[in-house]
Structures are given as structure tokens and as C-alpha cells.
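Counting from 1, the numbers follow the sequence of the chain as shown. All ligand and atom numbering here is 1-based and tracks the order in the structure. Since the model is a prediction, treat every value here as computed from it, not as a measurement.
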Amino acid sequence: MKQSEMLLPTLKENPTDAEIKSHQLLVRAGYIRQIASGIYSFLPLGNRVLKKVEAIVREEMDRAGAQEMLMAAMQPSELWKETGRWDTFGPELMRLHDRHEREFALGATHEEVVTSIVRDEIKSYKKLPLTVFQIQNKFRDEKRPRFGLLRGREFLMKDAYSFHESYESLDESYQRMYDAYSNIFRRCGLNFRAVIADSGAMGGKDTHEFMVLSEVGEDVIAYSDSSSYAANVEMAPVITQHEATQETSRPMEKVATPEQKTMQEVADYLGHDLHKGLKSIMFNIDGSFVMVITRGDHEVNDVKLKNYYDASLIDLASEEDTRRVIGSGFGSLGPVDVNEDVEVIADMAVESLVNVSCGANEEGYHYINVTPGRDFKVSAYADLRFIKEGDPSPDGEGIIQFARGIEVGHVFKLGSFYAERMNASYLDAQGKSNTMLMGCYGIGISRTLASIVEQYHDDNGITWPMNLAPYQVHLLSMNPKKEEQKLLADDLYQSLQASGIDVLYDDRKERAGVKFADSDLIGIPLRITVGKRAGDGLVEFKVRATGDQSEHEQHDIIDHVQTLLST
Ligand code: 9G3
């Protein structure tokens with residue numbers, strides 16, 4: 001492709017709203033253009049890379065036995081009303097009306113659509129298991145789109161759905177998809193972890209997120225420094241055993257702590273470390289008040305708390321509700337003598353504590369020398385806190401470290417959640433009707449592309465891995481006005497193409513500096529420069545990622561490129 005004919009608008013400056021490298025570079029290098037907040041178009045260069053990522057995904061989906069289809073993006077609201085999701089999703093679900101005033105959603109995901117197709121067309125166990133997938137733009141009206149392609153409102157997703165008669169069959173498909181995802185992200189050259197995740201509102205059981213390790217990732221993963229264990233930090237169980245302390249319990253005392261509000265202030269005022277204080281937080285869980293107690297240096301994990309109660313709604317109680325129910329505000333809450341219609345539950349690290357402080361449920365007062373079990377009772381001790389760096393890994397191997405991650409894939413076991421609500425059933429070998437079981441599996445394709453740029457760039461621009469680059473060779477002619485340069489460059493352009501090499505030819509009438517800067521920015525892995533030495537039949541060669549430079553006879557350069565491409 002000749003750059004003089006290409007829609008490839010590079011920019012010198014970063015767009016003002018671009019905070020991260022992938023957003024800056026994809027815009028500056030002419031790969032994408034924003035049309036509205038969180039909504040991007042892929043220009044020709046960006047589209048070529050997108051197609052390469054798609055091709056890897058398709059190959060691995062085919063290998064995993066999934067059949068590609070393309071579902072409607074305009075989804076009748078009736079389907080979402082069958083599963084109840086028309087009402088559970090708020091403004092994030094893009095909704096529209098047709099000319100007859102009928103309500104539709106723009107496809108945010110396709111569980112309802114695919115289940116409505118399968119329930120109409122699949123009736124017998126003989127047709128199960130079935131796995132289908134599509135690659136299609138999804139629409140989600142994010143409240144705060146940010147970071148370019150990483151959190152957009154229209155984005156390209158591969159979403160797959162599997163249908164089963166048994167959990168064994170679902171487990172098998174889940175594992176095949178899990179392996180396919182590992183292949184995909186490895187082939188994309190990404191440093192990723194498959195992490196145990198919370199199924200959230202998807203009502204499933206097992207679920208794993210595929211996280212690309214990156215400082216700009218929105219999620220925090222807890223991983224073991226000496227095994228493959230990795231989990232969403234909110235899912236990682238704590239296995240720390242707290243042996244009973246030798247300290248003898250002293251009598252509990254009530255002391256004035258005027259104006260001391262935060263855990264740290266109270267600890268400083270009473271002269272003890274944070275972990276010798278109890279933190280008491282009031283939650284509203286499905287309409288009931290629960291006081292959750294943790295050690296002062298620990299944080300309540302609301303996902304564990306929600307899962308513990310199998311709750312659908314969990315919220316921090318308001319201060320006014322807390323005052324009304326407990327009799328004091330947030331700064332002096334504690335588990336001693338709590339109003340009996342408030343349940344008190346504690347993290348397991350609290351059980352073995354003695355002589356700790358806690359709020360006295362009276363403004364400006366705390367108790368000291370409190371001993372759990374003697375001075376207050378809890379309905380249960382459970383694993384309710386966030387794991388911390390340095391905690392033992394839940395698999396018993398090594399110590400937990402934290403890292404930030406970009407979620408590029410997510411696999412779920414949905415169970416019967418959708419098939420039940422939408423009557424997707426099949427007749428088994430005995431002619432009995434059964435509800436299908438489902439799995440669903442997503443990959444953010446445009447998000448994966450951005451993650452690759454996050455991992456493959458340097459100060460001058462993108463450094464694409466060869467198998468994902470929009471072209472394999474960038475051919476630059478320094479001065480097309482010089483006959484011998486133009487002839488040699490044109491000739492090389494023909495020969496490279498004739499050798500089946502994807503080549504982008506910068507034949508523009510631009511200064512050398514502009515061409516080199518653009519070439520570094522665009523990030524094509526190999527560069528051939530036809531310049532002053534053309535008269536001697538010599539060309540410059542440069543490997544973008546390493547900066548290695550060399551000079552070659554014009555007759556050798558193609559073999560040299562072929563050799564590099566075959567390694
Ligand atoms: C919505 C909106 C946003 C959503 C959903 C629905 C996330 C929604 C979860 C999933 C689960 C899987 C198939 C591919 C893999 C992920 N955000 N989810 O269901 F209406 Cl506005 O999408 N779906």
C-alpha cells in the first residue's frame with residue numbers, strides 16, 4: 001500500500017483527553033478516531049490490526065468447536081423482560097424505539113437473543129452440546145468512558161454461548177474455552193493471568209477473568225509469587241490462621257475520646273496500633289442492618305459479604321440510619337451491647353484478639369481492653385476481609401502479591417439462569433423434558449488490541465509483534481525526487497509484494513525526519529530505507545523493536561527479510 005494514497009493521518013501531539021499510552025498512540029499514529037465520547041472508528045491501519053486479532057480469535061474458537069454466527073444487535077425488549085433484565089439494567093443499556101413505538105435494546109450482550117434462537121431450534125439431547133459465537137460491536141452506555149478503547153461505549157466483542165444437558169458437558173466446554181483463551185492471549189503476545197472472578201449478577205458458579213497485567217488496569221488481582229494461583233482481589237479467600245494470643249484479658253473500660261473519629265485518630269489517642277482496634281461498619285443487606293467487625297488494619301470485602309448472605313442488594317448504611325438504629329454515628333460504632341435487631345458478624349481475624357478498643361456506640365466514647373466472646377457476641381466469624389499483599393496464597397503455595405489488570409476475557413458457567421426463564425428445554429433419551437444448562441464466554445477484541453499497545457510501545461511509538469502488525473515491512477524512500485532512489489524504492493516495493501510480504505510504502509513527498517518519526521510511531525516491525533546510498537545499490541535496514549540497524553545490497557534485502565520473517 002502506498003502511503004501517499006492512504007487514509008493515515010498521523011499527529012504530532014497527544015489528544016488532550018488521552019491519558020494512557022495506548023489511547024495516545026492509537027490516535028496519533030492514525031489507527032483510530034473518536035466520533036463521540038467512548039465511541040471510535042477504526043481507520044485502515046487500525047482495521048488491519050483488528051482483523052488480525054479477530055483471525056486469531058476465530059481460529060481458536062473453531063478449534064474449540066464453536067460455530068460462528070452473527071446475531072441481531074437490535075434486541076426486542078420482550079426478550080429482556082422474560083429474564084427480568086430489562087428492569088435490572090439502568091441507563092447503561094442503550095434503548096430505542098422503532099417507528100411503531102416498539103422498544104428495543106442495542107446489544108450489550110446476547111444471552112437473551114441466543115437463548116431465544118436455541119429454544120426455537122433445538123429440541124433434542126442429540127443436538128447438544130452446542131457452542132456458537134459471534135464477533136460484533138456491543139453497546140453499553142458507560143457512565144465514564146475513559147482510556148480510549150479500554151472502556152468504550154461501542155466496542156468489538158467476541159461472545160460465545162454454549163448449551164448443555166449436564167454440568168459435566170458444561171465443565172468440558174468451559175475448559176475448552178479456557179484453553180482457547182489461553183492460546184489466544186499467548187498468540188497476542190500478552191502477559192496475562194486467568195483469575196478466579198466473581199460471577200456478579202450473572203448468576204453462575206465458576207467464572208474466570210483473563211487479565212492483562214498493566215498499570216492502567218482497573219482491576220486488582222491477587223496472585224501467588226510461587227504458583228499459578230491468581231484471583232480477583234475481591235474473590236481471594238484468606239487462609240491466615242490466627243493462633244490465640246498469650247496476652248491476658250484486662251477488664252473492659254469506657255473512656256472519653258473527644259473529637260476522635262477515624263480509626264487512626266482513636267488508635268493514636270488511646271496509644272495503640274491500628275490492629276489493636278476494631279473497625280465496625282454498618283451495612284444494609286437486603287433491607288436488614290448488619291454490623292460487620294474487622295481488625296482495625298483490615299478492610300471489609302463487600303463481595304465476600306454479599307456472597308456470604310447470598311444477598312441481591314448490599315449497601316453501606318447511611319449515617320442517619322446508623323444513628324437511628326445504633327444511637328451513634330460512624331466515629332464511635334462498636335459491637336458491645338448492640339441493639340438486638342442488628343446482626344453483628346465479624347471477620348475471622350477478630351476471634352483471637354484480646355484487649356482491643358472499639359466504639360462505645362456513644363458519641364465521644366470508646367471501650368478499651370475489649371475481648372471478643374467475653375464482651376460481645378457475634379452471629380458468626382467468617383472470611384469477610386480483603387486479602388492483603390504478604391498474606392499466604394490461598395493454594396498454600398507462596399505469598400500473595402497484587403498487580404493491576406485489564407480484563408480482556410471473561411468465561412462464565414451460567415447454569416440454568418437463562419434457559420429456565422426463557423423455557424429453553426430439550427427432550428432427553430427417555431423423552432423427558434429438561435432445562436438446558438449454559439456457559440458464556442467473552443473477549444473484548446478492541447480492548448485486547450489496546451492492551452497489546454499498552455504492552456508493546458516505547459518512547460517513539462508502537463512496537464507491534466510481527467503477527468499482529470498492520471504490515472510486515474515499512475519501505476521508506478527518502479527523496480523520491482532523486483531518480484535512482486525512486487527507481488530502487490519502486491522496484492523494491494514490487495519485489496517485496498511479489499514475495500508475498502505485506503509492505504507499506506512511504507512514497508510521500510515529506511522530509512526524512514517526518515518519515516522516520518511517523519514510521520517509529522506506526523510501529524511496523526521491519527523498516528527498509530532507500531536513501532543516499534541508493535546509487536551504490538545499498539539500502540538501510542532497521543528492526544523497530546530492538547533498533548538494530550544494518551546496510552544491505554538491494555539484491556540481498558528481500559532474502560534477509562524472508563529469513564527474519566521465517567524465524
Ligand atoms: C447489560 C449491560 C451491561 C452488561 C450486561 C448487560 C456485563 C451484562 C455481563 C456479561 C456476561 C457475558 C456474554 C459474553 C461474555 C460476558 N455488562 N454483562 O450482561 F445490559 Cl448494559 O456480558 N455475556
Side-chain angles (χ1 to χ4, degrees), residues 38-39 57 60-61 64 66 68-96 103-118 130-145 150-163 170 173-174 177-178 180-181 184-185 194-195 197-211 218-219 232 303 312 406-415 417-419 421-422 437-448:
I39 303 175
V57 170
E60 294 300 334
M61 286 298 108
E68 182 163 10
M69 61 189 292
L70 181 61
M71 291 182 247
M74 274 186 66
Q75 305 183 1
S77 61
E78 290 79 358
L79 293 180
W80 284 69
K81 288 173 181 171
E82 287 188 47
T83 58
R85 295 213 297 173
W86 185 256
D87 298 323
T88 48
F89 280 93
E92 195 189 350
L93 181 61
M94 298 288 296
R95 303 163 204 245
L96 69 161
E103 294 172 310
F104 287 80
L106 278 186
T109 182
H110 280 69
E111 282 83 4
E112 282 80 1
V113 171
V114 75
T115 306
S116 73
I117 294 168
V118 167
L130 167 74
T131 304
V132 292
F133 79 96
Q134 65 170 356
I135 296 180
Q136 183 189 77
N137 273 4
K138 291 283 184 288
F139 304 87
R140 295 179 183 178
D141 197 359
E142 294 283 346
K143 193 168 187 170
R144 269 181 305 283
L150 287 188
R151 182 163 289 279
R153 295 194 290 169
E154 176 177 357
F155 54 92
L156 191 60
M157 184 196 273
K158 181 286 299 175
D159 45 324
Y161 305 85
S162 62
F163 296 83
L170 170 53
S173 292
Y174 186 89
M177 277 294 173
Y178 184 104
Y181 277 42
I184 288 164
F185 297 122
V195 309
D198 175 54
S199 61
M202 293 308 292
K205 304 276 170 306
D206 285 355
T207 169
H208 286 83
E209 285 168 356
F210 285 77
M211 293 282 188
E218 287 186 345
D219 298 284
N232 226 323
V303 171
S312 42
I406 302 169
E407 178 191 339
V408 288
H410 200 156
V411 290
F412 292 82
K413 287 179 187 169
L414 290 175
F417 183 87
Y418 290 90
R421 287 161 181 75
M422 300 185 73
L437 298 172
M438 287 172 64
C440 68
Y441 320 88
I443 288 180
I445 296 207
S446 40
R447 186 181 271 186
T448 296

Query raised in the report: Has the side chain of Tyr181 got a donor or acceptor atom that lies under 3.5 Å from a matching backbone atom of Gly442?
Result: yes
Query raised in the report: Counting N and O atoms only, with roles assigned by atom type, does the side chain of Ser116 sit under 3.5 Å from a partner on the main chain of Val113, one being a donor and the other an acceptor?
Result: yes
**Report entry** Contact check: His410 vs ligand 1, nitrogen or oxygen atoms, below 3.5 angstrom
**Finding:** no
Query raised in the report: What do you reckon, does Tyr441 have a nitrogen or oxygen under 3.5 Å from a nitrogen or oxygen of ligand 1?
Result: no
Non-hydrogen side-chain atoms of [X] and [Y] separated by less than 4.5 Å:
{"X": "Glu92", "Y": "Arg140", "answer": "yes"}
{"X": "Tyr161", "Y": "Met71", "answer": "yes"}
{"X": "Phe210", "Y": "Ile184", "answer": "no"}

Report task. Could you tell me the separation between the OH atom of Tyr441 and the CE atom of Met61, rounded to the nearest 0.5 Å? Result -> 10.0 Å
Counting each atom of ligand 1 from 1 as listed, which ones have a heavy atom of [X] under 4.0 Å away?
{"X": "Arg85", "result": "8 (C), 19 (O)"}
{"X": "Gly442", "result": "14 (C), 15 (C)"}
{"X": "Cys440", "result": "12 (C)"}
{"X": "Tyr161", "result": "13 (C)"}
{"X": "Ala108", "result": "1 (C), 2 (C), 20 (F), 21 (Cl)"}
{"X": "Glu92", "result": "3 (C), 21 (Cl)"}
{"X": "Phe412", "result": "11 (C), 12 (C), 16 (C)"}
{"X": "Asp159", "result": "14 (C)"}

Requested in this report: Apply side-chain hydrogen bond (donor to acceptor under 3.5 Å, both in side chains) to Arg151 and list each qualifying residue two or more places apart in sequence or on a separate chain.
Outcome: Glu142, Glu218
Query raised in the report: Is it the side chain, the backbone, both or neither of Glu111 that has a heavy atom closer than 4.0 Å to ligand 1?
Result: side chain
Query raised in the report: ligand 1 versus Leu93, non-hydrogen atoms closer than 4.0 Å: side chain, backbone, both, neither?
Result: both
Query raised in the report: Salt bridge check: are Glu60 and Lys158 linked by an N-O gap of less than 4.0 Å?
Result: no
Query raised in the report: If hydrogens are left out, which of Arg140, His110, Gln75, Glu112 has an atom nearest to atom 10 (C) of ligand 1, that is, the closest non-hydrogen atom?
Result: Arg140
